[in-house]
2 protein chains.
Amino acid sequence: MQRLAQRPQSVTDLAAELPISRPAVSQHLRVLKRACLVTDRPVGTRRIYEVDRDGLAALRRELDQLWGATLDNFKRIAEQAEQEQS
Amino acid sequence: MQRLAQRPQSVTDLAAELPISRPAVSQHLRVLKRACLVTDRPVGTRRIYEVDRDGLAALRRELDQLWGATLDNFKRIAEQAEQEQS
DNA sequence: AACTTACGTAAGTGTCAGCTTACGAAGTCG
DNA sequence: CGACTTCGTAAGCTGACACTTACGTAAGTT
(Lines give C-alpha, C1' and ligand atoms only; values in the text may rest on other atoms or scores of the structure.)
Protein backbone atom coordinates (compact mmCIF):
# COMPACT_ATOMS: atom_id res chain seq x y z
CA MET A 1 0.00 0.00 0.00
CA GLN A 2 2.80 2.41 0.81
CA ARG A 3 4.50 1.64 -2.51
CA LEU A 4 1.25 2.00 -4.38
CA ALA A 5 0.57 5.26 -2.59
CA GLN A 6 3.73 6.63 -4.16
CA ARG A 7 2.65 5.68 -7.68
CA PRO A 8 0.63 3.03 -9.54
CA GLN A 9 2.77 0.05 -10.36
CA SER A 10 2.84 -3.39 -11.97
CA VAL A 11 3.10 -6.62 -10.01
CA THR A 12 6.65 -7.32 -11.12
CA ASP A 13 7.82 -3.81 -10.27
CA LEU A 14 6.25 -4.08 -6.83
CA ALA A 15 7.86 -7.46 -6.20
CA ALA A 16 11.25 -6.04 -7.19
CA GLU A 17 11.05 -3.55 -4.34
CA LEU A 18 9.83 -6.10 -1.80
CA PRO A 19 11.58 -9.00 -0.07
CA ILE A 20 8.98 -11.50 -1.28
CA SER A 21 8.29 -13.31 -4.54
CA ARG A 22 6.05 -12.06 -7.32
CA PRO A 23 3.25 -14.60 -6.68
CA ALA A 24 3.22 -13.54 -3.04
CA VAL A 25 2.62 -9.96 -4.16
CA SER A 26 -0.20 -11.17 -6.39
CA GLN A 27 -1.82 -12.85 -3.40
CA HIS A 28 -1.58 -9.71 -1.33
CA LEU A 29 -3.07 -7.68 -4.15
CA ARG A 30 -5.92 -10.16 -4.50
CA VAL A 31 -6.89 -9.61 -0.89
CA LEU A 32 -6.52 -5.84 -1.17
CA LYS A 33 -8.63 -5.83 -4.30
CA ARG A 34 -11.35 -7.87 -2.64
CA ALA A 35 -11.28 -5.32 0.19
CA CYS A 36 -11.71 -2.48 -2.33
CA LEU A 37 -8.39 -0.94 -1.33
CA VAL A 38 -6.75 -1.21 -4.75
CA THR A 39 -7.92 -1.28 -8.34
CA ASP A 40 -6.20 -2.79 -11.36
CA ARG A 41 -6.34 -2.30 -15.10
CA PRO A 42 -4.64 -4.29 -17.87
CA VAL A 43 -1.97 -2.47 -19.88
CA GLY A 44 -0.55 -4.75 -22.52
CA THR A 45 0.73 -7.89 -20.86
CA ARG A 46 1.09 -6.00 -17.63
CA ARG A 47 -1.43 -5.11 -14.98
CA ILE A 48 -1.21 -1.80 -13.20
CA TYR A 49 -2.41 -1.58 -9.62
CA GLU A 50 -3.21 1.60 -7.75
CA VAL A 51 -4.86 2.59 -4.48
CA ASP A 52 -8.64 2.85 -4.51
CA ARG A 53 -9.27 6.32 -3.13
CA ASP A 54 -12.90 5.69 -2.27
CA GLY A 55 -12.22 2.39 -0.53
CA LEU A 56 -9.32 3.90 1.38
CA ALA A 57 -11.47 6.81 2.52
CA ALA A 58 -14.23 4.42 3.60
CA LEU A 59 -11.77 2.39 5.62
CA ARG A 60 -10.50 5.54 7.23
CA ARG A 61 -13.99 6.53 8.29
CA GLU A 62 -14.62 3.08 9.74
CA LEU A 63 -11.34 3.10 11.61
CA ASP A 64 -12.03 6.56 12.96
CA GLN A 65 -15.37 5.41 14.29
CA LEU A 66 -14.06 2.13 15.66
CA TRP A 67 -11.20 3.87 17.36
CA GLY A 68 -13.51 6.42 18.88
CA ALA A 69 -15.71 3.71 20.35
CA THR A 70 -12.73 1.70 21.53
CA LEU A 71 -11.18 4.71 23.17
CA ASP A 72 -14.42 5.53 24.91
CA ASN A 73 -14.59 2.02 26.31
CA PHE A 74 -10.95 2.21 27.24
CA LYS A 75 -11.45 5.50 29.03
CA ARG A 76 -14.52 4.23 30.82
CA ILE A 77 -12.72 1.13 32.09
CA ALA A 78 -9.65 3.08 33.17
CA GLU A 79 -11.69 5.68 35.02
CA GLN A 80 -13.81 3.00 36.59
CA ALA A 81 -10.74 1.19 37.88
CA GLU A 82 -9.32 4.46 39.09
CA GLN A 83 -12.51 5.35 40.91
CA GLU A 84 -12.75 2.01 42.65
CA GLN A 85 -9.21 2.49 43.88
CA SER A 86 -9.96 5.70 45.72
CA MET B 1 -9.66 -7.57 30.50
CA GLN B 2 -13.33 -6.68 30.23
CA ARG B 3 -14.21 -9.19 32.94
CA LEU B 4 -11.41 -7.96 35.15
CA ALA B 5 -12.51 -4.38 34.54
CA GLN B 6 -15.83 -5.27 36.14
CA ARG B 7 -14.18 -6.66 39.26
CA PRO B 8 -11.01 -8.46 40.41
CA GLN B 9 -11.39 -12.21 40.03
CA SER B 10 -9.69 -15.55 40.47
CA VAL B 11 -8.50 -17.69 37.59
CA THR B 12 -11.18 -20.33 38.05
CA ASP B 13 -13.94 -17.73 38.24
CA LEU B 14 -12.68 -16.10 35.06
CA ALA B 15 -12.50 -19.43 33.24
CA ALA B 16 -16.07 -20.21 34.26
CA GLU B 17 -17.29 -17.13 32.35
CA LEU B 18 -15.16 -17.82 29.29
CA PRO B 19 -15.39 -20.48 26.58
CA ILE B 20 -11.82 -21.68 27.21
CA SER B 21 -10.16 -23.86 29.82
CA ARG B 22 -8.61 -22.67 33.06
CA PRO B 23 -5.00 -23.21 31.94
CA ALA B 24 -5.73 -21.17 28.83
CA VAL B 25 -6.84 -18.32 31.06
CA SER B 26 -3.64 -18.67 33.07
CA GLN B 27 -1.62 -18.30 29.89
CA HIS B 28 -3.50 -15.17 28.89
CA LEU B 29 -2.98 -13.73 32.35
CA ARG B 30 0.72 -14.49 32.20
CA VAL B 31 1.06 -12.41 29.04
CA LEU B 32 -1.08 -9.60 30.46
CA LYS B 33 0.97 -9.59 33.63
CA ARG B 34 4.23 -9.42 31.69
CA ALA B 35 2.73 -6.46 29.81
CA CYS B 36 1.91 -4.74 33.11
CA LEU B 37 -1.81 -4.74 32.31
CA VAL B 38 -2.85 -6.86 35.30
CA THR B 39 -1.55 -7.52 38.79
CA ASP B 40 -2.12 -10.55 40.99
CA ARG B 41 -1.99 -11.31 44.68
CA PRO B 42 -2.33 -14.64 46.48
CA VAL B 43 -5.39 -15.08 48.69
CA GLY B 44 -5.36 -18.47 50.33
CA THR B 45 -5.08 -21.12 47.66
CA ARG B 46 -6.52 -18.70 45.17
CA ARG B 47 -4.92 -15.91 43.21
CA ILE B 48 -6.84 -12.73 42.54
CA TYR B 49 -6.13 -10.82 39.35
CA GLU B 50 -7.09 -7.22 38.65
CA VAL B 51 -6.35 -4.59 36.03
CA ASP B 52 -3.19 -2.56 36.52
CA ARG B 53 -4.40 1.03 36.33
CA ASP B 54 -1.00 2.53 35.66
CA GLY B 55 -0.10 0.06 32.94
CA LEU B 56 -3.50 0.50 31.32
CA ALA B 57 -3.11 4.28 31.34
CA ALA B 58 0.39 3.99 29.84
CA LEU B 59 -0.92 1.78 27.06
CA ARG B 60 -3.66 4.26 26.41
CA ARG B 61 -1.18 7.10 25.99
CA GLU B 62 0.95 5.04 23.62
CA LEU B 63 -2.05 4.03 21.55
CA ASP B 64 -3.24 7.63 21.37
CA GLN B 65 0.13 8.72 20.07
CA LEU B 66 0.47 5.82 17.65
CA TRP B 67 -2.99 6.35 16.31
CA GLY B 68 -2.34 10.03 15.80
CA ALA B 69 0.77 9.32 13.76
CA THR B 70 -0.93 6.57 11.79
CA LEU B 71 -3.88 8.77 11.02
CA ASP B 72 -1.60 11.54 9.82
CA ASN B 73 0.13 9.14 7.44
CA PHE B 74 -3.22 7.81 6.34
CA LYS B 75 -4.55 11.28 5.68
CA ARG B 76 -1.43 12.24 3.77
CA ILE B 77 -1.62 9.20 1.51
CA ALA B 78 -5.34 9.62 0.89
CA GLU B 79 -5.00 13.30 0.06
CA GLN B 80 -2.00 12.61 -2.13
CA ALA B 81 -3.94 10.00 -4.11
CA GLU B 82 -6.86 12.38 -4.34
CA GLN B 83 -4.70 15.19 -5.58
CA GLU B 84 -3.03 13.07 -8.28
CA GLN B 85 -6.48 12.09 -9.46
CA SER B 86 -7.55 15.65 -10.22
C1' DA C 1 3.44 -19.48 -36.08
C1' DA C 2 6.95 -19.50 -32.47
C1' DC C 3 8.77 -17.06 -28.70
C1' DT C 4 8.80 -13.95 -24.78
C1' DT C 5 6.87 -11.32 -21.05
C1' DA C 6 3.68 -10.63 -17.29
C1' DC C 7 0.48 -12.46 -14.56
C1' DG C 8 -2.83 -15.54 -11.66
C1' DT C 9 -3.58 -19.71 -9.30
C1' DA C 10 -2.93 -24.32 -7.43
C1' DA C 11 -0.31 -27.22 -4.43
C1' DG C 12 2.91 -27.89 -0.89
C1' DT C 13 5.59 -26.35 3.27
C1' DG C 14 7.26 -23.92 7.60
C1' DT C 15 5.92 -21.28 11.37
C1' DC C 16 3.27 -19.68 15.04
C1' DA C 17 -0.66 -18.54 18.11
C1' DG C 18 -3.86 -20.57 20.95
C1' DC C 19 -5.89 -24.32 22.74
C1' DT C 20 -6.12 -28.93 25.40
C1' DT C 21 -4.75 -32.64 28.62
C1' DA C 22 -1.61 -34.11 32.17
C1' DC C 23 1.09 -33.26 35.98
C1' DG C 24 3.38 -31.06 39.91
C1' DA C 25 3.52 -27.37 43.53
C1' DA C 26 1.48 -24.52 47.17
C1' DG C 27 -1.99 -23.48 50.43
C1' DT C 28 -6.22 -24.89 53.43
C1' DC C 29 -8.84 -27.67 56.57
C1' DG C 30 -10.53 -31.92 58.86
C1' DC D 1 -0.69 -35.89 58.48
C1' DG D 2 -3.81 -36.68 54.61
C1' DA D 3 -7.44 -35.12 51.55
C1' DC D 4 -8.87 -31.28 48.82
C1' DT D 5 -8.71 -26.95 46.26
C1' DT D 6 -6.42 -23.71 43.29
C1' DC D 7 -3.12 -22.64 40.26
C1' DG D 8 1.11 -22.65 36.92
C1' DT D 9 3.63 -24.99 33.49
C1' DA D 10 5.13 -28.50 30.26
C1' DA D 11 4.04 -31.15 26.19
C1' DG D 12 1.45 -31.92 22.27
C1' DC D 13 -2.15 -30.94 18.79
C1' DT D 14 -4.44 -28.12 15.30
C1' DG D 15 -5.80 -24.52 12.23
C1' DA D 16 -4.47 -20.43 9.93
C1' DC D 17 -1.26 -17.53 7.61
C1' DA D 18 2.32 -16.30 4.58
C1' DC D 19 5.47 -17.86 1.71
C1' DT D 20 7.57 -20.81 -2.11
C1' DT D 21 7.84 -23.49 -6.58
C1' DA D 22 5.46 -25.13 -10.60
C1' DC D 23 2.30 -24.56 -14.11
C1' DG D 24 -1.18 -22.60 -17.24
C1' DT D 25 -2.92 -18.43 -19.72
C1' DA D 26 -3.23 -14.01 -22.12
C1' DA D 27 -1.00 -10.40 -24.64
C1' DG D 28 2.76 -8.54 -27.20
C1' DT D 29 7.02 -9.38 -30.38
C1' DT D 30 9.88 -11.19 -34.17
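If you're wondering where the values come from, they're calculated on a predicted model, not measured in any experiment. Just so we're on the same page: letters track the sequence lines, and every chain starts at 1.
- Toward the 5′ end of DNA chain D lies the nearest nucleotide of I20(A), the other residue of the pair V43(A) and I20(A) mapping further downstream.
- Annotation: side chain of V38(B) is in contact with side chain of M1(B) (closest heavy-atom distance under 4.5 Å).
- The side chain of R47(B) sits closest to dG8(D) out of dG8(D), dG8(C), dG18(C).
- In this structure, P23(A) reaches the bases: a heavy-atom distance under 4.0 Å links it to at least one base atom across the strands shown.
- The distance from atom CG of D54(B) to atom CG of L59(B), rounded to the nearest 0.5 Å, is 12.5 Å.
- For dA17(C), neither phosphate oxygen OP1 nor OP2 lies less than 4.0 angstrom from any side-chain nitrogen or oxygen of H28(B).
- With dT20(C), dC19(D), dT9(D) as the choices, the nucleotide that has an atom nearest any side-chain atom of R30(B) turns out to be dT9(D).
- Nearest heavy-atom pair, A5(A) versus V51(A), reported as atom, atom and distance to 0.1 Å: N-CG1, 4.0 Å.
- Taking 4.5 Å as the limit, every side-chain heavy atom of L32(B) sits out of range of all side-chain heavy atoms of L4(B).
- The base of dG8(D) sits within donor-acceptor range of the side chain of R22(B), with an N or O pair under 3.5 Å.
- For the pair T45(A) and dG28(D), the criterion of a side-chain N or O lying under 4.0 Å from OP1 or OP2 is not met.
- L14(B) places none of its side-chain heavy atoms less than 4.5 Å from the side chain of H28(B).
- We find that CD of Q27(B) is positioned 13 Å from P of dA11(D), with the value rounded to whole Å.
- A heavy atom lying under 4.0 Å from DNA chain C marks the following residues of residues 7-19 of chain A, by number: S10(A), V11(A), T12(A).
- If you measure from atom CZ of R34(B) to atom P of dG8(D), you get 14 Å, rounded to the nearest angstrom.
- Rounded to the nearest 0.5 angstrom, E50(A) CD and I48(A) CD1 are separated by 9.0 Å.
- Residue Y49(B) places no side-chain N or O under 4.0 Å from the OP1 or OP2 atom of dT6(D).
- The nucleotide whose nearest atom lies closest to any side-chain atom of R46(B) is, among dG8(D), dT6(D), dT20(D), dT6(D).
- Atom CZ of R22(A) is separated from atom CD of Q27(A) by 10.0 Å, given to the nearest 0.5 angstrom.
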Watson-Crick and G-U pairing of DNA chain D, under 3.5 Å, as dot-bracket with | and [ ]: ||||||||||||||||||||||||||||||
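- A salt bridge (charged side-chain N to carboxylate O under 4.0 Å, His left out) with D40(A) is found for one member of R34(A), R47(A), R46(A) and no other, namely R47(A).
- To the nearest 0.5 Å, atom CG of residue L37(B) and atom CZ of residue R53(B) are 13.5 Å apart.
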